[in-house]
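Counting starts at 1 for both ligands and their atoms, following the listed order. Residue indices begin at 1 and follow the sequence shown.
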Amino acid sequence: MTEQDFIPSGYEATATSGSFTWRAPSNIALVKYWGKRGEQLPANPSVSFTLDACATTTTLRYKKREYPDDDFGFELYLDGAVKDSFKPKINDFFHRIGKYMPFLKHYHFTIETSNSFPHSSGIASSASGMSALALCLMSLEQEISGNITEEDFFRKASFIARLGSGSACRSIRGELVVWGSHPEIAGSTDLYGVAYPGKVHPVFRTYQDTILLVDRGEKQVSSTAGHGLMHGHPFAERRFAQASENLSALQQVLETGDTEAFIAIVEREALTLHAMMMTGKPYFILMSPATLDVIRKIWSFRKETGVPVCFTLDAGANVHVLYPESEKEAVMEFINNELVAYYEKGHYICDRIGGGAVALP
Ligand code: DP6
């Protein structure tokens, strides 16, 4: 498929007013997307666990305009309060997707959104937020298009979400989602996320992600600016190749249930992401002292007990603690006893692998 395939040839029906609601989850990458090219295309393939508890619920109310306007018309609410500071981002998003959803200027929208995770927790809401909005817009497109197959619906939702935030395209469907073309992964493409098609050992379908909010401050550098640092980065090309190699290696690991090999890939990916930021121009350290302490404690706990628990990081200081459900009691005891001093005001979020976005009545 190419971008052109997402431009509709016309609409068959009209819809004057109504609303759609979707709940879309966040996701945590095992092999990280870091660096982009062209219009929101990834510099390397990535794969993520879809989460369950961390999610955004968005209601899109639409009303047909009497005449289409040159500008996009919308209001935005976060947790019931007007949120004008989000408007420029949504406006840019509408500009980017206008070509693929030409109905947008024919409607006035009210977008009501809320996150299940605390505001300013340092958990990025762009993946879940952009995927929830993309799904609402797809529901409207479906209403006026007549026939869209389920497969086409979710494929285009992921394509549209990607144009809002790259990682959002991995928050539509599937427990494990691949985004970015990889020669060994059938159907993988830079244009949208696909459910990981390979065999997955049952142990990975039970994975838990306890997110320790060790630093709830504002991010020093936005993801978008961070991706930009990969342009001209001295290690960029090697890093992009390494991500593909890690995804190759992960396939067998996922199939056989080799948690030890899983840990080695996932932790190295997290540290490589941060290494890229530490060696960019300008350079950033996004880990905090608590992040490092937590990592060291996880390593000693793993060594002492043999429990296959590991960490991953996104572009910030918070630590995602990953482990099979069968180890939940032991790991939660460890978190509550040994890590309690590191996360802020007793904050952590217990999440787990989930199945993707759902439409709400
Ligand atoms: C470190 O998807 O937030 O979480 O495309 O600019 O919106 P934009 O970036 P974003 O980047 C996420 C980067 C990451 C790794 C990952 O999720 O793969």
field: Nitrogen or oxygen of Ser46 less than 3.5 angstrom from that of ligand 1
entry: no

field: ligand 1 atoms in contact with Lys36 (distance to a heavy atom under 4.0 Å)
entry: 5 (O), 6 (O), 8 (P)

message: Would Lys32 count as being in polar contact with ligand 1, using the rule that some N or O on each side must be under 3.5 angstrom apart?
response: no

- prompt: Applying a 4.0 Å heavy-atom criterion (strictly less than), which segment of Ala29 is in contact with ligand 1: side chain, backbone, both, or neither?
  reply: side chain

- prompt: When you check the gap from the basic side-chain N to the acidic O, do Glu327 and Arg302 get nearer than 4.0 Å?
  reply: no

Enumerate donor-acceptor pairs with a distance under 3.5 Å from any side-chain N or O in residues 87-97 to protein atoms, sequence neighbours excluded.
residue	atom	partner	partner atom	Å
Lys87	NZ	Phe74	O	3.1
Arg96	NH1	Leu163	O	2.7

message: Below 3.5 Å, N or O to N or O, backbone or side chain included: is there any such pair between Ala315 and ligand 1?
response: no

query: Could Glu245 and Arg238 be called an ion pair, given the rule that one side-chain N must be under 4.0 Å from one carboxylate O?
result: yes

Under 3.5 Å: N/O of Asp314 near N/O of ligand 1: no

query: What residues form a salt bridge (charged side-chain N to carboxylate O under 4.0 Å, His left out) with Glu141, not counting sequence neighbours?
result: Lys156

Side chain to side chain, Ile263 and Pro308, heavy atoms closer than 4.5 Å: yes

- prompt: If you count the atoms of ligand 1 from 1 in the order shown, which ones are under 4.0 Å from a heavy atom of Gly166?
  reply: 2 (O), 5 (O), 7 (O), 8 (P)

field: Where ligand 1 meets Thr224 - atom numbers and elements under 4.0 angstrom, heavy-atom basis
entry: 6 (O)

query: Side-chain contact, heavy-atom cut-off 4.5 Å: Arg162 with Trp179?
result: yes

field: His274 (side chain) donor-acceptor with Asp314 (main chain) under 3.5 angstrom
entry: yes

message: Could you tell me, atom by atom, which parts of ligand 1 come under 4.0 Å of a heavy atom of Gln40?
response: 5 (O)

message: Working to the nearest 0.5 angstrom, can you tell me the gap between Phe103 CZ and Lys64 NZ?
response: 11.5 Å

message: Test your reading of the structure: does Arg170 have an N or O sitting under 3.5 Å from an N or O of ligand 1?
response: yes

statement: If you scan protein heavy atoms around atom 9 (O) of ligand 1, the nearest is His227 NE2, 3.0 Å

- prompt: Do Lys328's NZ or CZ and the ring of Tyr323 fall within the cation-pi criteria of under 6.0 Å and 45°?
  reply: no

statement: Numbered in order shown, the ligand 1 atoms found under 4.0 Å of a heavy atom of Ser165 are 2 (O), 3 (O), 5 (O), 7 (O), 8 (P), 10 (P)

query: Taking non-hydrogen atoms only, is Ile28 closer than 4.0 angstrom to ligand 1 via side chain, backbone, both or neither?
result: neither

message: Any nitrogen or oxygen of Trp34, side chain or backbone, less than 3.5 Å from one on ligand 1?
response: no

- request: Report yes or no: does a heavy atom of Arg162 sit under 4.0 Å from some atom of ligand 1?
  value: no

- request: Can you measure from CD (Glu260) to SG (Cys310) and round to the nearest 0.5 angstrom?
  value: 11.5 Å

Nearest neighbour of atom 2 (O) of ligand 1 from the list Ser167, Cys169, Ser48, on a heavy-atom basis: Ser167

task: Could you tell me whether Glu325 and Arg352 make a salt bridge, using a distance below 4.0 angstrom between a side-chain N and a carboxylate O?
output: no

- prompt: In ligand 1, which numbered atoms sit nearer than 4.0 Å to a non-hydrogen atom of Ser223?
  reply: 3 (O), 9 (O), 10 (P), 11 (O)

- prompt: To which protein heavy atom is atom 15 (C) of ligand 1 closest, and what is the distance rounded to 0.1 Å?
  reply: Tyr33 O, 3.4 Å

